[in-house]
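Each remark here refers to the structure printed beneath this line.
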Number of protein chains: 2
Amino acid sequence: MTIDLDGPEPFFEQIASVLTQRIEGGIYLPRRRIPSEYALCEEFGVSRPTVRSAIAVLVEKGLVATSKGKGTFVVADPGE
Amino acid sequence: MTIDLDGPEPFFEQIASVLTQRIEGGIYLPRRRIPSEYALCEEFGVSRPTVRSAIAVLVEKGLVATSKGKGTFVVADPGE
DNA sequence: GGAAATTTGTTCGTATGTATA
DNA sequence: TTATACATACGAACAAATTTC
């Protein structure tokens with residue numbers, strides 16, 4: 001996994017791509033919780049707003065769903 | 001409410017005028033919160049920096065006050 | 001039951017870079 | 001050059017729902 005600091009793609013899109021690959025690759029399983037926003041901040045070395053922008057992309061694509069106080073979960077069938 | 005895209009007045013001044021009218025007209029009431037910056041972005045179709053420039057005009061005029069994490073509020077007596 | 005920690009949601013504050021007129 | 005506007009990114013504070021002890 002690489003993050004291209006000088007590339008034209010914004011951080012949040014690059015992170016969204018990585019998370020999407022993890023879902024499609026079975027690293028993050030259907031109906032299971034993905035790491036918290038703060039955990040992803042630490043892993044990718046970015047701020048929470050940036051992580052949230054990345055997750056928003058996944059929500060838009062229908063890959064994950066968020067629940068206040070609970071976390072962010074992979075949908076039942078991410079490949080539909 | 002109209003936004004003159006081709007006029008000589010910058011967006012942020014036009015938006016500041018609209019918000020001022022809403023305060024003076026009682027749409028936004030004293031001590032009450034006005035819509036968030038993001039909500040105003042959507043309503044006026046502009047970026048957050050532009051909305052913030054408009055709000056800065058109102059702060060300068062003493063019509064509203066901002067509070068981090070809480071929002072932007074109409075002052076107790078906007079007509080003083 | 002209750003308090004504390006965790007987690008997502010919301011909001012303003014600040015800074016940088018780019019584009020345009 | 002200056003002013004305007006947009007996109008991106010980080011920081012900080014507060015709020016609310018949930019979980020855990």
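Each chain gets a letter, A, B and so on, in the order the sequences are listed, and its residues count up from 1.
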Subject >> Residues which pass side chain to side chain contact (heavy atoms under 4.5 Å, CB included) with A:Ala39, listed by chain and number, not counting sequence neighbours >> reply: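 A:Pro35, A:Ser36.
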
When you compare the protein's N or O atoms with those of nucleotides 3-5 of chain D, which come within less than 3.5 Å of each other, and at what distance?
{"from": "D:dA5", "atom 1": "OP1", "to": "B:Phe11", "atom 2": "N", "distance (Å)": "2.2"}
{"from": "D:dA5", "atom 1": "OP2", "to": "B:Phe12", "atom 2": "N", "distance (Å)": "3.4"}

Atom pair distance, as rounded to whole Å: [atom1] in [X] and [atom2] in [N]:
| X | N | atom1 | atom2 | value |
| --- | --- | --- | --- | --- |
| A:Leu40 | C:dT7 | CG | P | 11 Å |
| B:Leu58 | C:dC12 | CG | C1' | 15 Å |
| A:Phe73 | C:dT6 | CZ | C1' | 12 Å |
| A:Ile15 | D:dT8 | CD1 | P | 13 Å |
| A:Glu42 | C:dT6 | CD | P | 12 Å |

Donor-acceptor pairs under 3.5 Å, side chain of residues 44-62 of chain B to any protein atom, not counting sequence neighbours: which ones?
{"from": "B:Ser47", "atom 1": "OG", "to": "B:Thr50", "atom 2": "OG1", "distance (Å)": "3.3"}
{"from": "B:Arg48", "atom 1": "NE", "to": "B:Glu37", "atom 2": "OE1", "distance (Å)": "2.7"}
{"from": "B:Arg48", "atom 1": "NH2", "to": "B:Glu37", "atom 2": "OE1", "distance (Å)": "3.1"}
{"from": "B:Arg52", "atom 1": "NH1", "to": "B:Glu37", "atom 2": "OE2", "distance (Å)": "2.7"}
{"from": "B:Ser53", "atom 1": "OG", "to": "B:Pro49", "atom 2": "O", "distance (Å)": "3.0"}
{"from": "B:Lys61", "atom 1": "NZ", "to": "B:Thr20", "atom 2": "OG1", "distance (Å)": "2.9"}

How long is the straight-line distance from [atom2] of [Y] back to [atom1] of [X], given to the nearest 0.5 Å?
| X | Y | atom1 | atom2 | answer |
| --- | --- | --- | --- | --- |
| A:Glu24 | A:Leu63 | CD | CG | 6.5 Å |
| A:Phe11 | A:Glu13 | CZ | CD | 12.0 Å |
| B:Leu29 | B:Ile34 | CG | CD1 | 12.5 Å |

Original post:
Could you write nucleotides 13-21 of chain C as a row of B, S and -, 5' to 3', where a protein heavy atom under 4.0 Å of any base atom gives B, of only sugar-phosphate atoms gives S, and otherwise -?
Top reply: BB-------

**OP:** Quick one: which residue pairs count as a side-chain hydrogen bond (donor to acceptor under 3.5 Å, both in side chains) with a foot in residues 63-74 of chain B, not counting sequence neighbours?
**Re:**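 For residues 63-74 of chain B: none.
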
**OP:** Take A:Leu19 and A:Ile15 through the side chain to side chain contact (heavy atoms under 4.5 Å, CB included) test and state the conclusion after the steps.
**Re:** CA-CA 6 Å; A:Leu19 297 180; A:Ile15 294 170; 4.1 Å; yes

Subject >> Test log, rule side chain to side chain contact (heavy atoms under 4.5 Å, CB included), inputs A:Phe73 and A:Val64 >> reply: CA-CA 5 Å; A:Phe73 299 82; A:Val64 301; over 6 Å; no

